[in-house]
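These numbers come from the heavy atoms of this one structure, side chains and all, not from hydrogens, waters or symmetry mates. Starting from 1, each residue takes its place in the sequence as its number.
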Amino acid sequence: MRWSCSGRALGASVEVKEEEPQSLMRGHVIQQNQHTVSCCLTPSLTPHPLTLPLSLSLFSAVRKQEIIKITEQLIEAINNGDFDAYTRICDPGLTSFEPEALGNLVEGMDFHKFYFENLLSKNSKPVHTTLLNPHVHLIGEEAACIAYIRLTQFVDTTGRPRSSQSEETRVWHRREGKWLNVHFHCSGAPAAPLQ
(Lines give C-alpha, C1' and ligand atoms only; values in the text may rest on other atoms or scores of the structure.)
Protein backbone atom coordinates (compact mmCIF):
# COMPACT_ATOMS: atom_id res chain seq x y z
CA MET A 1 0.00 0.00 0.00
CA ARG A 2 1.31 3.46 -0.82
CA TRP A 3 0.36 6.82 0.63
CA SER A 4 -0.06 10.10 -1.17
CA CYS A 5 0.38 13.66 -0.03
CA SER A 6 0.06 16.83 -2.08
CA GLY A 7 1.34 20.33 -1.60
CA ARG A 8 3.97 22.92 -2.44
CA ALA A 9 7.56 23.46 -1.34
CA LEU A 10 8.34 19.78 -1.05
CA GLY A 11 11.80 18.95 0.21
CA ALA A 12 11.78 21.40 3.12
CA SER A 13 11.80 20.20 6.71
CA VAL A 14 8.32 19.51 8.01
CA GLU A 15 6.49 19.84 11.28
CA VAL A 16 3.42 17.66 11.78
CA LYS A 17 0.49 19.17 13.63
CA GLU A 18 -2.49 17.02 14.49
CA GLU A 19 -5.92 18.53 13.85
CA GLU A 20 -7.99 15.65 15.22
CA PRO A 21 -6.58 14.02 18.39
CA GLN A 22 -8.81 10.93 18.13
CA SER A 23 -7.32 9.87 14.80
CA LEU A 24 -3.66 9.89 13.89
CA MET A 25 -4.52 8.89 10.34
CA ARG A 26 -6.77 11.81 9.28
CA GLY A 27 -6.44 15.53 8.66
CA HIS A 28 -2.86 16.51 9.39
CA VAL A 29 -1.50 19.88 8.40
CA ILE A 30 2.17 20.32 7.70
CA GLN A 31 3.82 23.73 7.96
CA GLN A 32 6.69 24.16 5.48
CA ASN A 33 8.52 27.46 5.13
CA GLN A 34 5.35 29.60 5.26
CA HIS A 35 3.49 27.17 2.97
CA THR A 36 0.73 24.91 4.19
CA VAL A 37 0.46 21.41 2.82
CA SER A 38 -2.76 19.56 3.54
CA CYS A 39 -2.21 15.87 3.81
CA CYS A 40 -4.75 13.12 4.12
CA LEU A 41 -3.19 9.70 4.64
CA THR A 42 -5.36 7.68 2.35
CA PRO A 43 -4.26 4.79 0.17
CA SER A 44 -3.28 5.75 -3.36
CA LEU A 45 -2.43 3.42 -6.18
CA THR A 46 -0.46 6.02 -8.14
CA PRO A 47 1.39 8.45 -5.87
CA HIS A 48 3.14 11.37 -7.48
CA PRO A 49 6.90 10.57 -7.47
CA LEU A 50 7.79 13.89 -5.81
CA THR A 51 5.41 13.27 -2.93
CA LEU A 52 6.42 9.68 -2.16
CA PRO A 53 9.45 10.44 0.12
CA LEU A 54 7.48 13.06 2.08
CA SER A 55 4.40 10.88 2.40
CA LEU A 56 6.41 7.84 3.53
CA SER A 57 8.26 9.98 6.04
CA LEU A 58 4.98 11.43 7.30
CA PHE A 59 3.41 7.96 7.44
CA SER A 60 6.40 6.71 9.47
CA ALA A 61 6.17 9.63 11.93
CA VAL A 62 2.42 9.17 12.35
CA ARG A 63 2.75 5.41 12.83
CA LYS A 64 5.48 5.90 15.47
CA GLN A 65 3.24 8.33 17.39
CA GLU A 66 0.44 5.77 17.15
CA ILE A 67 2.68 3.14 18.81
CA ILE A 68 3.69 5.55 21.58
CA LYS A 69 0.03 6.43 22.22
CA ILE A 70 -1.15 2.80 22.43
CA THR A 71 1.77 2.04 24.77
CA GLU A 72 0.69 4.95 27.00
CA GLN A 73 -2.87 3.57 27.00
CA LEU A 74 -1.58 0.16 28.08
CA ILE A 75 0.45 1.71 30.93
CA GLU A 76 -2.62 3.72 31.97
CA ALA A 77 -4.67 0.50 32.16
CA ILE A 78 -1.97 -0.99 34.41
CA ASN A 79 -1.85 2.09 36.65
CA ASN A 80 -5.65 2.10 36.96
CA GLY A 81 -5.82 -1.63 37.68
CA ASP A 82 -8.16 -2.01 34.68
CA PHE A 83 -7.71 -5.62 33.57
CA ASP A 84 -10.51 -5.36 30.97
CA ALA A 85 -8.76 -2.45 29.23
CA TYR A 86 -5.43 -4.33 29.51
CA THR A 87 -6.86 -7.45 27.83
CA ARG A 88 -8.33 -5.37 24.98
CA ILE A 89 -4.82 -4.05 24.20
CA CYS A 90 -2.91 -7.34 24.66
CA ASP A 91 -2.90 -10.51 22.61
CA PRO A 92 -4.34 -13.44 24.62
CA GLY A 93 -1.06 -15.32 24.02
CA LEU A 94 1.06 -12.39 25.30
CA THR A 95 4.59 -13.49 26.25
CA SER A 96 6.85 -11.65 28.64
CA PHE A 97 10.04 -11.60 30.65
CA GLU A 98 9.60 -9.44 33.75
CA PRO A 99 10.98 -9.15 37.29
CA GLU A 100 7.80 -10.63 38.81
CA ALA A 101 8.36 -13.84 36.78
CA LEU A 102 11.87 -14.28 38.25
CA GLY A 103 13.57 -14.71 34.85
CA ASN A 104 10.99 -17.09 33.43
CA LEU A 105 9.11 -16.62 30.16
CA VAL A 106 5.43 -16.11 30.95
CA GLU A 107 2.75 -16.85 28.36
CA GLY A 108 -0.91 -15.83 28.46
CA MET A 109 -2.91 -13.52 30.70
CA ASP A 110 -3.34 -15.54 33.92
CA PHE A 111 -0.01 -14.44 35.40
CA HIS A 112 -0.89 -10.78 34.84
CA LYS A 113 -4.48 -11.21 36.05
CA PHE A 114 -3.18 -12.24 39.48
CA TYR A 115 -1.44 -8.86 39.91
CA PHE A 116 -4.45 -6.92 38.63
CA GLU A 117 -6.84 -8.69 41.02
CA ASN A 118 -4.62 -8.73 44.11
CA LEU A 119 -2.59 -5.54 43.84
CA LEU A 120 -3.35 -3.09 41.07
CA SER A 121 -7.16 -2.93 41.35
CA LYS A 122 -6.90 -2.56 45.17
CA ASN A 123 -4.52 0.39 45.02
CA SER A 124 -6.29 3.62 45.96
CA LYS A 125 -3.10 5.70 46.06
CA PRO A 126 -2.01 7.75 43.07
CA VAL A 127 0.40 6.25 40.54
CA HIS A 128 1.99 8.29 37.76
CA THR A 129 4.13 6.89 34.97
CA THR A 130 6.35 8.73 32.51
CA LEU A 131 7.77 7.08 29.39
CA LEU A 132 11.23 8.50 28.82
CA ASN A 133 13.07 8.44 25.50
CA PRO A 134 10.63 6.19 23.62
CA HIS A 135 12.19 4.76 20.47
CA VAL A 136 10.01 3.01 17.90
CA HIS A 137 11.17 0.58 15.22
CA LEU A 138 8.60 0.00 12.49
CA ILE A 139 8.72 -3.56 11.15
CA GLY A 140 6.68 -3.37 7.96
CA GLU A 141 3.09 -2.14 8.07
CA GLU A 142 1.79 -4.62 10.64
CA ALA A 143 4.42 -4.73 13.39
CA ALA A 144 6.45 -2.38 15.56
CA CYS A 145 8.78 -2.49 18.54
CA ILE A 146 9.10 0.26 21.16
CA ALA A 147 11.83 0.62 23.78
CA TYR A 148 11.70 3.15 26.63
CA ILE A 149 12.50 3.90 30.24
CA ARG A 150 9.43 3.70 32.48
CA LEU A 151 9.60 6.03 35.47
CA THR A 152 6.83 5.29 37.98
CA GLN A 153 5.95 7.58 40.88
CA PHE A 154 3.81 6.21 43.71
CA VAL A 155 3.01 6.61 47.39
CA ASP A 156 4.28 3.79 49.63
CA THR A 157 2.47 2.31 52.66
CA THR A 158 4.00 4.94 54.97
CA GLY A 159 2.61 7.74 52.81
CA ARG A 160 5.98 8.74 51.36
CA PRO A 161 6.31 9.48 47.63
CA ARG A 162 8.64 7.05 45.85
CA SER A 163 9.92 6.46 42.35
CA SER A 164 10.97 3.29 40.55
CA GLN A 165 12.50 2.77 37.14
CA SER A 166 12.30 -0.07 34.66
CA GLU A 167 13.58 -0.54 31.13
CA GLU A 168 10.93 -1.95 28.81
CA THR A 169 10.60 -3.20 25.26
CA ARG A 170 7.21 -4.03 23.75
CA VAL A 171 6.42 -5.73 20.46
CA TRP A 172 3.15 -4.70 18.78
CA HIS A 173 1.29 -6.50 15.99
CA ARG A 174 -1.59 -4.96 14.07
CA ARG A 175 -4.46 -7.35 13.33
CA GLU A 176 -7.67 -6.26 11.64
CA GLY A 177 -6.67 -2.62 12.08
CA LYS A 178 -6.06 -2.96 15.84
CA TRP A 179 -2.68 -2.89 17.61
CA LEU A 180 -2.07 -5.71 20.11
CA ASN A 181 0.89 -6.10 22.46
CA VAL A 182 2.26 -9.58 21.72
CA HIS A 183 5.48 -9.55 23.80
CA PHE A 184 7.30 -7.40 26.33
CA HIS A 185 10.53 -7.49 28.26
CA CYS A 186 10.92 -5.52 31.48
CA SER A 187 14.18 -5.11 33.40
CA GLY A 188 14.75 -3.24 36.64
CA ALA A 189 12.11 -2.59 39.28
CA PRO A 190 8.80 -4.48 39.12
CA ALA A 191 6.32 -2.72 36.85
CA ALA A 192 3.74 -2.71 39.62
CA PRO A 193 4.96 -0.89 42.73
CA LEU A 194 4.62 -3.42 45.54
CA GLN A 195 4.20 -0.62 48.11
Side-chain angles (χ1 to χ4, degrees), residues 16 18 21 24 57 59-175 178-195:
V16 178
E18 188 177 341
L24 290 174
S57 175
F59 173 77
S60 177
V62 169
R63 179 57 52 88
K64 287 178 179 183
Q65 284 302 311
E66 197 176 344
I67 296 300
I68 292 169
K69 182 158 181 67
I70 192 72
T71 302
E72 289 172 340
Q73 291 172 358
L74 181 118
I75 300 299
E76 183 178 346
I78 294 168
N79 287 347
N80 293 334
D82 187 346
F83 188 68
D84 289 335
Y86 185 77
T87 58
R88 284 192 300 272
I89 300 172
C90 293
D91 182 81
L94 175 72
T95 56
S96 62
F97 286 106
E98 56 186 307
E100 294 89 345
L102 305 175
N104 296 289
L105 177 66
V106 173
E107 185 175 352
M109 300 302 285
D110 288 342
F111 184 84
H112 307 285
K113 185 177 183 180
F114 176 85
Y115 286 96
F116 274 90
E117 290 178 346
N118 295 293
L119 177 66
L120 297 169
S121 65
K122 298 181 184 308
N123 183 23
S124 60
K125 296 178 180 161
V127 175
H128 181 263
T129 297
T130 305
L131 300 185
L132 301 172
N133 304 317
H135 186 82
V136 178
H137 295 278
L138 298 178
I139 309 164
E141 293 183 18
E142 305 298 325
C145 178
I146 183 171
Y148 53 89
I149 303 294
R150 179 175 169 184
L151 186 62
T152 303
Q153 299 166 280
F154 60 98
V155 178
D156 69 13
T157 55
T158 67
R160 295 183 60 198
R162 300 273 184 192
S163 295
S164 65
Q165 176 179 308
S166 60
E167 300 78 35
E168 296 185 5
T169 303
R170 291 186 183 271
V171 178
W172 294 92
H173 185 215
R174 191 171 64 153
R175 295 186 195 137
K178 180 181 172 188
W179 286 106
L180 294 174
N181 186 207
V182 295
H183 177 79
F184 74 93
H185 186 116
C186 175
S187 301
L194 301 178
Q195 305 180 26

Mark yes when over 12 heavy atoms from residues, nucleotides or ligands other than Arg175 sit less than 6.0 Å from its CZ; otherwise mark no. yes
Separation between CZ (Arg150) and OG (Ser166), nearest 0.5 Å, reads 5.5 Å
Take a 6.0 Å sphere around CD of Gln73 and say whether it holds more than 12 heavy atoms from other residues, nucleotides or ligands. yes
Heavy-atom side-chain proximity of Ser96 to His185 below 4.5 angstrom: no
For Arg162, which residues count as a salt bridge (Lys or Arg N to Asp or Glu O under 4.0 Å) partner, sequence neighbours excluded? Asp156
Taking side chain as C-beta onward, heavy atoms only, is Cys145 less than 4.5 Å from Val136? no
We want to know whether Thr95 and His183 form a side-chain donor-acceptor pair, criterion being a heavy-atom distance below 3.5 angstrom. yes
Within the 4.5 Å heavy-atom criterion, are Thr87 and Met109 side-chain neighbours or not? yes
Of all heavy-atom pairs between Arg88 and Leu180, which one has the smallest distance, and what is that distance? O-CD2, 3.6 Å
Check: Lys64 side chain, Phe59 main-chain N or O, donor-acceptor pair, under 3.5 Å: no
Which value, rounded to the nearest 0.5 Å, describes the distance between Ile70 atom CD1 and Gln65 atom CD? 13.5 Å
Might you work through the side chain to side chain contact (heavy atoms under 4.5 Å, CB included) test for Thr129 and Leu151, ending with a clear yes or no? CA-CA 6 Å; Thr129 297; Leu151 186 62; over 6 Å; no
Looking at every heavy atom in both Gly188 and Pro99, which two are closest together, and how far apart are they? O-CG, 3.2 Å
Rounded to the nearest 0.5 Å, what separates atom CD1 in Ile139 from atom CZ in Arg174? 13.5 Å
Value rounded to 0.5 Å, distance of CG in Leu74 from CG in Asn79: 10.0 Å
Would a 4.5 Å heavy-atom cut-off, applied to side chains only, mark Thr71 and Trp172 as touching? yes
Under the 3.5 angstrom rule, does the side chain of Asn80 hit a backbone N or O of Asp82 as a donor-acceptor pair? no
Shortest non-hydrogen contact from Ala101 toward Val106: CB-CG2, 3.3 Å
Taking the side chain as everything from C-beta on, heavy atoms only, tell me whether Leu131 gets closer than 4.5 Å to Glu72. yes
Decide, yes or no, whether a salt bridge links Arg63 with Glu66 under the criterion of side-chain N to carboxylate O below 4.0 Å. yes
Residue from Tyr115, Phe184, Phe116 passing ring pair (Phe, Tyr, Trp, His ring centres under 6.0 Å) with Tyr86: Phe116
Does any part of the side chain of Ile75, heavy atoms only, come nearer than 4.5 Å to the side chain of Glu168, both counted from C-beta? yes
Checking Glu167 now: which residues fulfil side-chain hydrogen bond (donor to acceptor under 3.5 Å, both in side chains) with it, not counting sequence neighbours? Gln165
Looking at side-chain heavy atoms only, is the closest gap between Phe154 and Ser164 below 4.5 Å? yes
Has the side chain of Asn181 got a donor or acceptor atom that lies under 3.5 Å from a matching backbone atom of Val171? yes
About how many Å separate CD1 of Ile89 and CD of Glu76, when rounded to the nearest 0.5 Å? 8.5 Å
Taking the side chain as everything from C-beta on, heavy atoms only, tell me whether Ile67 gets closer than 4.5 Å to Trp179. yes
Nearest 0.5 Å, please: how far is NE2 in His112 from CD in Glu117? 13.0 Å
